[in-house]
Amino acid sequence: DRLKDDPTPPPLPASLRLPVDVNVATWDVAQLDLVDAGKTLSFRALHGTIDGRGERYRLNAAATTPWAAVRGQLGIDKDAPFKLTGTVTAQHSAQPQAPLLVDARLALSGHLAAIAFKLDAQAQGMAFLASGVATPFTQARLAKLLVAGQGIDPHRLAADAPSADLAFSSVFEPVATASGERMLGTFSLSNRQPGRLDQNRLPLANLTGALLGDARQVDFNALLLDLGAAGQVSGAGQWRDGRFRIDLTSPRLNLAGLHAALYPSRIRAALQLSGDADRQRLVAHVAETWGEGRFTLSRQAAALRLEAANFRGEAGRLSANGTLQLDASRAFVANFDAADINPARLGKFPRARLNARGQVSGTLKPELQVLSQFTLPPGELEGSPVQGHGRLRYEKQHLSEADIDLDLAGNRARFKGAYGRVGDRLVWDIEAPALARLYPGLAGRLNSHGSASGEPRQPQIDAQLDASGLHLPGIAAE
């Protein structure tokens, strides 16, 4: 027969006594390495003692972790009601390679059937508090829980993340339901410094909601995500035996509230996020007066996949798919096919009817490597013809296999060859009599012919340049 999880809470033991007294004078582990997705976390100098003599067990342990030096002690009676006390402390050490410097203290008291706990933690200006009573022999597993934090800045945790000043709180207490005792609670998350992504801010003002659940199932209700000027998203969700599903909708999303380069919009959106610890999937449908689209994004193991993306409307048609490996290489591949694309419908971009199809692949780490090939079937930019094709490879600071031929609204550019190593030669031929057609802010005429060879540290450039009325970002030449 197939084994199944039993939702029935385990019974409180009658005694914790062993047939013999246990006494471990010392135990030591020099180093313990945990490897996940190519990353290694090392724990050093693990040691401790176990003393089970007399009427009480006494345990002591210590270790050096990547975040802090941790030390703890626990004592518990051998007979009911199994009174216990314990503390765990973490004190950071100024290690340059430490991912996060943490100071924390966890205090335990009460007895085995109702363990009171209180955790206070600080890390680089961030504060965290959790307190409550754990009841491991009841269906709810908790009799009370309070969680709060403040000063949370995603940019401190990841250099590429936007800045924010987040504070959160949640309170949970048990209630009786038809299916047994469950936890009922509310949670909230606020951002004191919301802003647009182009401001390197997080476009989140508030997140609130309520939940009812236990160790096996949870129902989320009254979810409300306030994105400030970008609009609001609301919905509900559930979690069942390790699997979750969240459905969200928004009657009006304003893209200009996310990034200044995007036009104001009133996008209707429906999002469904589902999965478990091993695989997550996001299905989204969006619609506006200029069109609609749908995309499916999934994550499994060490891969993030854009299973399909399809958009159609006044802004054009776009189909795409791709994969990003989440291991140390960050290998990626993407395929795209676009037709009748008009960027002016999305933001402050030129009017166009652009067509493009192609593929790009490579790796992001430890160094950028890219192989790209594309075709631009005939289209228009500001009323003038556009077409072209191209291919290039870039790896280890070396450009090779370059073969690009573009006609952009009467501005012709051709590149061919390689650059970055001895013996390479990259040739270009640019005839751009109407730069103003390419992008607002550009103006003038530019003609250039030449080649580049040699290594980047000692380049050899042979070029001719002829420009008039030239206006580029930061450059002007009459």
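Counting from 1, the numbers follow the sequence of the chain as shown.
Between Phe187 and Phe220, the two ring planes are perpendicular [angle over 60°; tilted spans 30° to 60°].
Phe332 places a side-chain heavy atom less than 4.5 Å from the side chain of Val370.
Although no hydrogens or angles enter the test, the distance criterion places no donor-acceptor pair under 3.5 Å between the side chain of Gln238 and the main chain of Arg245. Between the Arg330 side chain and the Leu326 main chain, a donor and an acceptor come within less than 3.5 Å of each other.
Summarising the local packing, CZ of Arg71 is surrounded by 12 or fewer heavy atoms from other residues, nucleotides or ligands at distances under 6.0 Å. Residue-environment remark: CD (Gln397) stays at or below the threshold of 12 foreign heavy atoms within 6.0 Å.
Among Thr208, Leu248, Leu204, the single residue meeting the side chain to side chain contact (heavy atoms under 4.5 Å, CB included) criterion with Leu225 is Leu204. A salt bridge (charged side-chain N to carboxylate O under 4.0 Å, His left out) with Asp403 holds for exactly one of Lys416, Arg393, Arg391; it is Lys416. For the salt bridge (charged side-chain N to carboxylate O under 4.0 Å, His left out) with Arg412, the qualifying choice from Asp405, Asp429, Asp407 is Asp405, the only one to do so.
Salt bridge Arg351/Glu380: absent, no basic N to carboxylate O contact under 4.0 Å. Contact check on Asp219 versus Arg240 returns a salt bridge, with a Lys/Arg side-chain nitrogen under 4.0 Å from an Asp/Glu carboxylate oxygen.
In this structure, Asp120 CG and Lys118 NZ are separated by 5.0 Å, a value rounded to the nearest 0.5 Å.
Side-chain contact annotation: Ser451 with Trp428, donor-acceptor N/O pair under 3.5 Å absent.
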